[in-house]
Engineer: 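Mind having a look at this structure? Questions to follow.
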Amino acid sequence: MLSQRSLEAFREVMRTGTVSGAAEELLISQPAVSRLIRELEERSGLRLFTRHGGRVVATPEAHEFWLEVERSFTGLKQIERAADQIKRGQRTTLSIAAAPAFAHTALPQAVAQLHAERPEFRAEFFAMTTLPVVRQVALRQCQIGFGIPTQHKFEIDVVRTGALPYRFIAPAGHPLGEKETVSFNDLSGVDFVSFVDSTMTGRLFDRRFAKMRRPPLVKMRAYLSIVISALVRRGLGVALIDPFTAEDHVRLGGISRPFEAEERFEYSIIKPLGEKLGAECAALVEHFEALADVHRV
């Protein structure tokens with residue numbers, strides 16, 4: 001049987017990258033850490049580390065094993081945290097992971113609405129890109145996640161998916177602001193702020209622009225929608241963006257118009273694999289969907 005202490009030693013060596021770092025974290029000697037690692041290797045039958053120049057290097061097996069160990073420790077940490085919060089009357093009912101397009105826009109509004117209905121509601125809110133959102137939910141570090149569609153269907157459950165029209169945004173006073181709706185033809189030769197091509201939206205519009213006889217002039221690229229909005233407001237071009245960020249863009253002084261296109265901003269709401277959706281999570285999803293419904297056509 002694997003001992004809890006040897007697993008703790010392994011976890012800290014993986015986390016800090018050194019035996020000395022693990023010893024410092026665990027408040028024990030380096031030989032004691034090495035002894036615990038040897039014990040774990042013997043009992044598990046896995047070769048977890050090799051030595052190179054006095055340093056330990058994790059094996060591929062160690063990285064796979066670490067995912068399971070981390071998941072186990074995450075569960076214990078959540079139990080300890082829940083016990084402490086219950087004791088202090090500050091139980092956190094919901095841990096939320098969200099991509100920036102949601103974390104900076106619709107979700108704070110949905111959380112505020114839920115809190116108004118349930119004053120006892122508490123939450124932890126983590127903003128990150130979609131792959132870390134999936135990881136946080138898969139490891140049960142967060143109870144619900146909001147991001148773009150994911151293919152990790154064997155690691156998480158999909159609660160809801162949706163697709164919303166993109167919006168055109170521009171700085172105040174831009175000539176295209178005179179139009180009721182904007183199309184791809186209107187973007188020909190116009191200075192444009194695009195998403196980087198490592199994003200789904202960036203690739204989506206790069207392919208569409210490649211088919212245009214006279215595409216927009218991509219002057220700037222950014223990873224986050226809020227950064228794109230900031231660049232646009234400062235006159236560096238126009239952009240196509242999710243409707244949630246477009247709302248904030250207008251509130252901050254920019255302009256936004258409907259955009260005629262088949263392309264849609266797709267999103268996915270996920271939860272840990274096999275877990276029941278709690279009442280607070282379900283209520284949050286409904287509040288979010290009500291905000292998204294405003295933008296559906």
Engineer: Measuring from Ile144:CD1 to Leu277:CG, what's the distance to the nearest 0.5 Å?
Structural biologist: 5.5 Å
Engineer: Establish, from distance only, whether the side-chain atoms of Ser34 and Arg38 form a donor-acceptor pair under 3.5 Å.
Structural biologist: no
Engineer: Among Ile, Leu, Val, Met, Phe, Trp and Tyr joined by side-chain contacts under 4.5 Å, find the other residues sharing a cluster with Tyr223 and list them by chain and number.
Structural biologist: Ile169, Val193, Phe195, Val196, Met220, Leu224, Ile226, Val227, Ile228, Leu231, Val232, Leu236, Ile241
Engineer: Could you tell me whether Asp197 and Arg203 have a side-chain N and a carboxylate O separated by less than 4.0 Å?
Structural biologist: no
Engineer: Could you state the interatomic distance from CD (Glu42) to CG (Leu2), rounded to the nearest 0.5 Å?
Structural biologist: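 Between Glu42 CD and Leu2 CG, I get 12.0 Å after rounding to 0.5 Å.
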Engineer: When the ring planes of Phe146 and Phe102 are compared, do they come out parallel, tilted or perpendicular, using 30° and 60° as the limits?
Structural biologist: tilted
Engineer: State, yes or no, whether a side-chain contact exists between Thr161 and Pro149 at a heavy-atom distance under 4.5 Å.
Structural biologist: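 No, side chains not in contact.
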Engineer: Salt bridge check: are Arg5 and Glu39 linked by an N-O gap of less than 4.0 Å?
Structural biologist: no
Engineer: So Val19 and Arg51, do their side chains get closer than 4.5 Å, heavy atoms only?
Structural biologist: yes
Engineer: Test of understanding: with side-chain hydrogen bond (donor to acceptor under 3.5 Å, both in side chains), list the residues that count as partners of Glu24, not counting sequence neighbours.
Structural biologist: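 Applying side-chain hydrogen bond (donor to acceptor under 3.5 Å, both in side chains) to Glu24 gives none.
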Engineer: Any side-chain to backbone donor/acceptor pair from Glu41 onto Phe49? Under 3.5 Å, distance only.
Structural biologist: yes
Engineer: Please determine whether the number of non-hydrogen atoms from other residues, nucleotides or ligands lying under 6.0 Å from atom CZ of Arg55 exceeds 12.
Structural biologist: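 No, not enclosed.
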Engineer: For Glu260, is there an ion pair with Lys179 - N to carboxylate O distance below 4.0 angstrom?
Structural biologist: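 Between Glu260 and Lys179 there is no salt bridge, as every charged N stays at least 4.0 Å from the carboxylate O atoms.
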Engineer: Work out which heavy atom in Leu217 is nearest to a heavy atom in Gly189; give both atom names and the distance.
Structural biologist: CD1-O, 3.6 Å
Engineer: Does the pair Arg167/Asp242 count as a salt bridge with the N-to-O cut at 4.0 Å?
Structural biologist: no
Engineer: As an exercise, state the distance from CD1 of Ile156 to CD of Gln136, rounded to the nearest 0.5 Å.
Structural biologist: 14.0 Å
Engineer: Does Thr245 offer a backbone N or O that forms a donor-acceptor pair with the side chain of Ser225 under 3.5 Å?
Structural biologist: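 Side chain of Ser225 to backbone of Thr245, a donor-acceptor pair under 3.5 Å: no, none is there.
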Engineer: Are any non-hydrogen side-chain atoms of Met212 and Phe209 less than 4.5 angstrom apart?
Structural biologist: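 The answer is yes; the side chains approach within 4.5 Å.
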Engineer: Checking Gln143 against Glu280 for the side-chain contact (heavy atoms from CB on, under 4.5 Å) test, could you report, in this order, the C-alpha distance in whole Å, the side-chain angles of both residues, the deciding distance, and whether it holds?
Structural biologist: CA-CA 10 Å; Gln143 294 155 272; Glu280 290 83 8; over 6 Å; no
Engineer: Between Arg11 and Glu8, is there a salt bridge with N-O shorter than 4.0 Å?
Structural biologist: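 No salt bridge links Glu8 with Arg11.
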Engineer: Any chain of hydrophobic side-chain contacts (each under 4.5 Å) joining Val182 to Phe184?
Structural biologist: yes
Engineer: Between His104 and Ala99 (side chain of the first, backbone of the second, donor and acceptor by atom type, cut-off under 3.5 Å), is there such a pair?
Structural biologist: no
Engineer: Should the ring pair Phe265 and Phe244 be called parallel, tilted or perpendicular, given that the plane angle runs from 0 to 90° and is split at 30 and 60?
Structural biologist: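 Perpendicular, since the angle between the ring planes exceeds 60°.
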Engineer: Could I get the full list of salt bridge (charged side-chain N to carboxylate O under 4.0 Å, His left out) partners for Arg135, not counting sequence neighbours?
Structural biologist: none
Engineer: Would you call Lys211 and Asp206 a salt bridge, taking side-chain N to carboxylate O under 4.0 Å as the test?
Structural biologist: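 Between Asp206 and Lys211 there is no salt bridge, as every charged N stays at least 4.0 Å from the carboxylate O atoms.
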Engineer: Mark yes or no for whether Arg234, through its side chain, and Pro171, through its backbone, hold a donor-acceptor pair below 3.5 Å.
Structural biologist: no
Engineer: Give a yes or no answer on whether the side chain of Ser188 reaches the backbone of Arg214 with a donor-acceptor pair at less than 3.5 Å.
Structural biologist: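 Confirmed, Ser188 side chain pairs with Arg214 backbone.
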Engineer: Does the Asp157 side chain pair with the main chain of Lys271, one donor and one acceptor, at a distance under 3.5 Å?
Structural biologist: no
Engineer: Is it true that Glu289 and Arg160 have a side-chain N and a carboxylate O under 4.0 angstrom from each other?
Structural biologist: yes
Engineer: Which heavy atom of Tyr267 sits nearest a heavy atom of Ala163, and at what distance?
Structural biologist: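 Scanning both residues completely, I find the closest heavy atoms to be CE2-N, 4.0 Å.
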Engineer: Look at the side chain of Glu61 and the backbone N and O of Leu46, then say whether any donor-acceptor pair between them is shorter than 3.5 Å.
Structural biologist: no
Engineer: Give a yes-or-no answer on whether the side chains of His287 and Gln109 include a donor-acceptor pair shorter than 3.5 Å.
Structural biologist: no
Engineer: Anything under 30° is parallel, anything over 60° is perpendicular, the rest tilted; go ahead and classify Phe205 against Tyr166.
Structural biologist: perpendicular
Engineer: Under a 4.0 Å N-O cut-off, is there an ion pair linking Arg208 with Glu263?
Structural biologist: yes
Engineer: Does any N or O in the side chain of Thr59 come within less than 3.5 Å of the main-chain N or O of Arg47, such that one atom is a donor and the other an acceptor?
Structural biologist: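 Yes, Thr59 side chain to Arg47 backbone: donor-acceptor pair under 3.5 Å.
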Engineer: Do Ser20 and Gln30 have a side chain donor and acceptor closer than 3.5 Å?
Structural biologist: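 No, no side-chain donor-acceptor pair sits under 3.5 Å.
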Engineer: Assess whether a salt bridge exists between Arg296 and Asp293, defined as any Lys/Arg side-chain N lying under 4.0 Å from an Asp/Glu carboxylate O.
Structural biologist: yes
Engineer: Is there a side-chain contact between Ile96 and Phe126 in this structure, where contact means two heavy atoms from C-beta onward sitting under 4.5 Å apart?
Structural biologist: no
